[in-house]
Amino acid sequence: MGDVAPFGLLIFVVAVVGLLAVLSNRLSQRVQVPAPMLFLAAAAVAARVFGDLHAIDHRTVERLVTVALIVILFDGGLHIGWIRLRPVVAPVAVVGVLGTFLTAGAVAALAHLAFGLDWWVALLVGTAVAPTDPAVVFSVLGKREVSGTSGTLLEGESGANDPVGIALMAGLLGAGGISAASLAGVAGTFVLQMAVGGAAGLAGGWALRWLMRTPLPSEGLYPIRTLAGALAVFGAATVAHGSGFLAVFVAGVLLGDARAPYKREIERFHSALASLGEIVAFVVLGLTVDLGVLTRADVWVPGLVLGVALAFVLRPLLVGACLLPFRLSRGERAFIAWAGLKGAVPILLGSFLLSAGVPEAGRMYGIVVVVVAVSVLLQGSTVPTVARLLRLPMRTVEPEPWALGVRLRDEPRGVHRLTIAAGSPADGASLAELADLSDEVWVS
């Protein structure tokens, strides 16, 4: 029993950190800085003050962030759903795959030519910073609704290009250099991961749709079942040498529109779990950031140049070109190009360099962190302003903490759930003003 007091102190410290992280969302609204950046910065400062925090093993960090990304991507898929994703699935696929490859190559070329990095190392850095981040994108857009397809396309891209970036990074690290044979191996590994991951996501998603309708003895078990199912889908895809991240995202999309008992409770549970995953990912990654390394000129200068070039030149040109075949307005293309936010996934990919023993891995990791900081501070804090300048209607979705619903024992037949969108003919109108309703219609 002698370790009860130290264990209690540990629980207290972790709880206080969690409370401060949750409350920091209020601060984020005031200073117009996305909350994930506050988590990252606070953890980095804490690691600087308390040096023992830097002792955390990189393998442990990768595993914790992996679990966090699983719940974030699964919740992102649930939030989007197939009905919302279907109209933009083609541009999401093109930007998520081709856009990620082009961005990685462009950043690598700039890093090689401007700062003399070896081509292989430069390509690793480019691959690390190419994907957008679902945690930051969902955090920035979470309480905002963008008109048209821009918001859905951004959310879909952030969920789709992370598996692409992770698979590409794994292939490059396994190749150990750049040659015709190694690039062929990288291509083969990438295709295998995407194909197996997509197939596992489809199979797992349909299996979970069937399981969600199977009765359980307690309401609290329903969201636990979907969480266990998502983890099983990730594990099965990974064991089969596929992309587990793509699998859980696809499974979440398939479940997004499924009719199932306690569906609202399941969605709330995964939304809360994704918020926790966001906090864990950025706090844990922040503990690996060495502020002393970031102050070196050979770290912050390349990071700043790459971050600014990526935001103002590379992504707008490359993503804009990828979107040309699709019917989008000029303002929508510009907004999507600007709002490609970096976050936990690029930092996680950067941490892979530390584990793999890449030359000057500490410096490369610092460069990736600076690029992420530039993206979050510069792009993340200006998303509402850019939307307004581009005349894209964006409104803040006010929370509705009080609910009044009807609970039924059996699934109702002939029931439709309708959403009143802002600006629609039904917005602000009474039922009598909309249509003549027969006596057989019951409005709840």
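Numbering starts at 1 and runs along the sequence shown.
In this structure, CG in Leu323 is found 10.0 Å from CD in Glu332, a value given to the nearest 0.5 Å. Distance CG/Leu341 to OG1/Thr132: 7.5 Å, rounded to 0.5 Å. Between the CG atom of Leu317 and the CG atom of Leu102 there is a distance of 11.0 Å, given to the nearest 0.5 Å. With rounding to the nearest 0.5 Å, the separation of CD1 in Ile347 from CG in Leu40 is 4.5 Å. Here the OG1 atom belonging to Thr288 is positioned 7.5 Å from the CG atom belonging to Leu354, to the nearest 0.5 angstrom. Within the model, atoms OG1 of Thr226 and CD of Glu265 stand 11.5 Å from one another, a figure rounded to the nearest 0.5 Å.
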Please determine whether ring-ring contact (aromatic ring centres under 6.0 Å, His included) holds for the pair Phe245 and Phe234, giving the CA-CA distance in whole Å, both sets of side-chain angles, and the decisive distance to 0.1 Å.
CA-CA 7 Å; Phe245 296 104; Phe234 176 87; 5.2 Å; yes

For Phe269 and Tyr262, what are the C-alpha separation, side-chain angles and deciding distance, and is it a ring-ring contact (aromatic ring centres under 6.0 Å, His included)?
CA-CA 11 Å; Phe269 172 83; Tyr262 300 106; over 10 Å; no

Test side-chain contact (heavy atoms from CB on, under 4.5 Å) on Phe312 and Leu378; report intermediate values, then the result.
CA-CA 10 Å; Phe312 286 96; Leu378 181 63; 3.4 Å; yes

Yes or no on side-chain contact (heavy atoms from CB on, under 4.5 Å) for Glu155 and His79, after CA distance, side-chain angles and deciding distance?
CA-CA 9 Å; Glu155 293 176 11; His79 173 70; 3.3 Å; yes

Trace of the side-chain contact (heavy atoms from CB on, under 4.5 Å) decision for Leu172 with Phe190:
CA-CA 10 Å; Leu172 288 171; Phe190 175 80; over 6 Å; no

List the steps and the verdict of side-chain contact (heavy atoms from CB on, under 4.5 Å) for Met364 and Val121.
CA-CA 8 Å; Met364 300 305 108; Val121 176; 3.5 Å; yes

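Side-chain contact check for Phe39 versus Glu278: some heavy-atom pair is nearer than 4.5 Å. Annotation: side chain of Leu254 is in contact with side chain of Trp206 (closest heavy-atom distance under 4.5 Å). Taking the side chain as every heavy atom from C-beta outward, Leu353 and Leu173 approach each other to under 4.5 Å. Residues Leu306 and Leu110 have side chains in contact (heavy-atom distance under 4.5 Å, counting atoms from C-beta outward). Annotation: side chain of Val92 is not in contact with side chain of Asn161 (no heavy-atom distance under 4.5 Å). Side-chain atoms of Tyr365 and Ser351, non-hydrogen and from C-beta on, do get closer than 4.5 Å to each other. Side chains of Val253 and Arg84 form no contact here, defined as non-hydrogen atoms less than 4.5 Å apart. Within the 4.5 Å cutoff, the side chain of Glu62 has heavy atoms near those of the Phe352 side chain.
Among pairs with a residue in residues 98-124, those fulfilling side-chain hydrogen bond (donor to acceptor under 3.5 Å, both in side chains) read His112-Trp119, at least two apart in sequence or across chains.
Of the possible donor and acceptor atoms, one in the side chain of Arg213 sits under 3.5 Å from a partner among the backbone N and O of Arg259. Not a single donor-acceptor pair under 3.5 Å links the side chain of Asp75 to the backbone N or O of Ala274. A donor-acceptor pair is defined here as one N or O able to donate and one able to accept, closer than 3.5 Å; no such pair exists between the side chain of Ser271 and the backbone of Glu267. Between the side chain of Lys342 and the backbone N or O of Val129, at least one donor-acceptor pair lies under 3.5 Å.
The heavy-atom pair separating Ala281 from Ala344 by the smallest distance is CB-CB, 4.3 Å. Closest non-hydrogen pair, Ala175 versus Val186, comes out as CB-CG2, 4.0 Å. When all heavy atoms of Val107 and Leu310 are compared, the pair lying nearest together is CG2-CD1, 3.7 Å. Residues Lys263 and Leu255 approach most closely at NZ-O, 3.2 Å, considering heavy atoms. Scanning all heavy atoms of the two residues, the minimum distance from Ala237 to Ser243 falls at CB-O, 4.1 Å. Counting all heavy atoms, side chain and backbone alike, Leu154 lies closest to Phe335 at CD1-CE2, 3.6 Å.
Heavy atoms from other residues, nucleotides or ligands lying under 6.0 Å from CZ of Arg296 number more than 12.
Using a 4.0 Å cut-off between charged side-chain N and carboxylate O, Glu157 and Arg315 make a salt bridge.
Residues passing the side chain to side chain contact (heavy atoms under 4.5 Å, CB included) test with Leu231 are Ile70, Leu227, sequence neighbours excluded. With sequence neighbours excluded, no residue forms a salt bridge (charged side-chain N to carboxylate O under 4.0 Å, His left out) with Arg225.
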